[in-house]
Amino acid sequence: MHRTDVCLAPAQGLTLSELGTVQECQKHCPECFRSSLFFDPENAFGRCKQRPAPQGPACRRFIAEEAAASGAKCVLTHSPTWIIDPIDGTCNFVHRFPTVAVSIGFAVRQELEFGVIYHCTEERLYTGRRGRGAFCNGQRLRVSGETDLSKALVLTEIGPKRDPATLKLFLSNMERLLHAKAHGVRVIGSSTLALCHLASGAADAYYQFGLHCWDLAAATVIIREAGGIVIDTSGGPLDLMACRVVAASTREMAMLIAQALQTINYGRDDEK
Ligand code: IPD
């Protein structure tokens, strides 16, 4: 089965017309769509020699990790936009460490509308749609509601930079949370799945500097719909392009963590 079928067909809370968007794209030129969506989504239609690019409902924008890696700009416009990470947890994937996901978010007018994250090795499908709830394999998700840091399991990811100054800040942030008596701190190697653990109540908070909009888009909808909070590390509203986040089961917990952190500057996705 094709990956888009695996991810989208059984998704909870998606309407037939949204599934239709994907099917319409596939109908337009199945070979072109299939070969390019996960490897060069910015050019998913541009490469098609057989037919003109679609207009109307099939005309969507894409932001995706592999496209950005080959130089495509990550600009979130008001157009309907798919925000995709075809493999989140690449390092895990390379080592056969079984914590790997596909993440697909969808935004309209810069507002996140729905998200789908597929835990590939455990066959868990997380979905969320704005105003319609969040689910894992059909079971409703709820965050833990924890407010006390001393009872909280906090997740984070290391981020891509390994220079001494960045590593010092990363370790110092972890040390600050441990001094603040967080019950535990974990790094699992996939930001999207760590965020899904928060949505399902298996963890209470998440923070990271150096993640990207494709790591965050789908998970943000899922966490919000599970009752959680997703904000900027400054304590202000989330900025999807700012490469930093604090997410938590409650606002109190999110603010406690934001206040403990020192900023690690990774620049912005839309300025790279
Ligand atoms: C990365 C992973 C990693 C996190 C990075 C992400 P990728 O995604 O989630 O754990 O530290 O910030 O970008 O590169 O495996 O898709």
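Indexing begins at 1, ligand by ligand and atom by atom, following the structure's order. Computation of the quantities below employed the complete heavy-atom set of this structure, encompassing side-chain atoms and omitting hydrogens, waters and symmetry-equivalent molecules.
In this structure, atom 13 (O) of ligand 1 lies nearest to the protein heavy atom D215 OD2, 2.9 Å. If you check which protein heavy atom lies closest to atom 14 (O) of ligand 1, you get E65 OE2, 3.1 Å. The protein heavy-atom contact nearest to atom 9 (O) of ligand 1 is D88 OD1, 2.7 Å. Scanning the protein heavy atoms around atom 10 (O) of ligand 1, the nearest turns out to be E157 OE1, 2.7 Å. The protein heavy-atom contact nearest to atom 12 (O) of ligand 1 is Q208 NE2, 2.8 Å.
Below 3.5 Å of separation, one finds an N or O of G189 facing an N or O of ligand 1. Considering backbone and side-chain atoms alike, I87 places an N or O below 3.5 Å from some N or O of ligand 1. Among the atoms of H212, none of the N or O lies under 3.5 angstrom from an N or O of ligand 1.
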Please evaluate residues Q262 and S172 with respect to the criterion side chain to side chain donor-acceptor pair (under 3.5 Å), reporting the C-alpha separation (whole Å), side-chain torsions for both, the decisive distance (0.1 Å), and the verdict. CA-CA 8 Å; Q262 304 164 99; S172 149; 2.5 Å; yes
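Residue contacts with ligand 1 for N92 are absent, since no atom lies close enough (heavy atoms, distance under 4.0 Å). Heavy atoms of S191 found under 4.0 angstrom from ligand 1 belong to the backbone as well as the side chain. Residue contacts with ligand 1 for T90 involve both N, CA, C or O and side-chain atoms from C-beta outward (heavy atoms, distance under 4.0 Å).
In this structure, the side chains of L169 and F209 stay at 4.5 Å or more apart for every pair of heavy atoms. Side-chain atoms of Y118 and E123, non-hydrogen and from C-beta on, do get closer than 4.5 Å to each other.
When only modelled atom types and interatomic distance are considered, R244 and T233 share a side-chain donor-acceptor pair under 3.5 Å. A donor-acceptor contact closer than 3.5 angstrom links the side chains of S144 and D204.
Taking a cut-off of under 4.0 Å to the non-hydrogen atoms of G210, the atoms of ligand 1 that pass are 12 (O). Those atoms of ligand 1 that come under 4.0 Å of a heavy atom in G159, given as number and element, are 11 (O). Listed by number with element, the atoms of ligand 1 under 4.0 angstrom from any heavy atom of D85 are 16 (O).
Checking side-chain atoms of D88 against main-chain N and O of D85 turns up no donor-acceptor pair under 3.5 Å. At least one donor-acceptor pair under 3.5 Å links the side chain of S234 to the backbone N or O of G236.
The only member of R129, R224, R130 that meets salt bridge (Lys or Arg N to Asp or Glu O under 4.0 Å) when paired with E113 is R130.
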Name each donor-acceptor pair under 3.5 Å that joins a side chain in residues 91-105 to protein atoms two or more places apart or in another chain, with its distance.
{"from": "N92", "atom 1": "ND2", "to": "T99", "atom 2": "O", "distance (Å)": "2.9"}
{"from": "N92", "atom 1": "ND2", "to": "I188", "atom 2": "O", "distance (Å)": "3.1"}
{"from": "N92", "atom 1": "ND2", "to": "G189", "atom 2": "O", "distance (Å)": "3.4"}

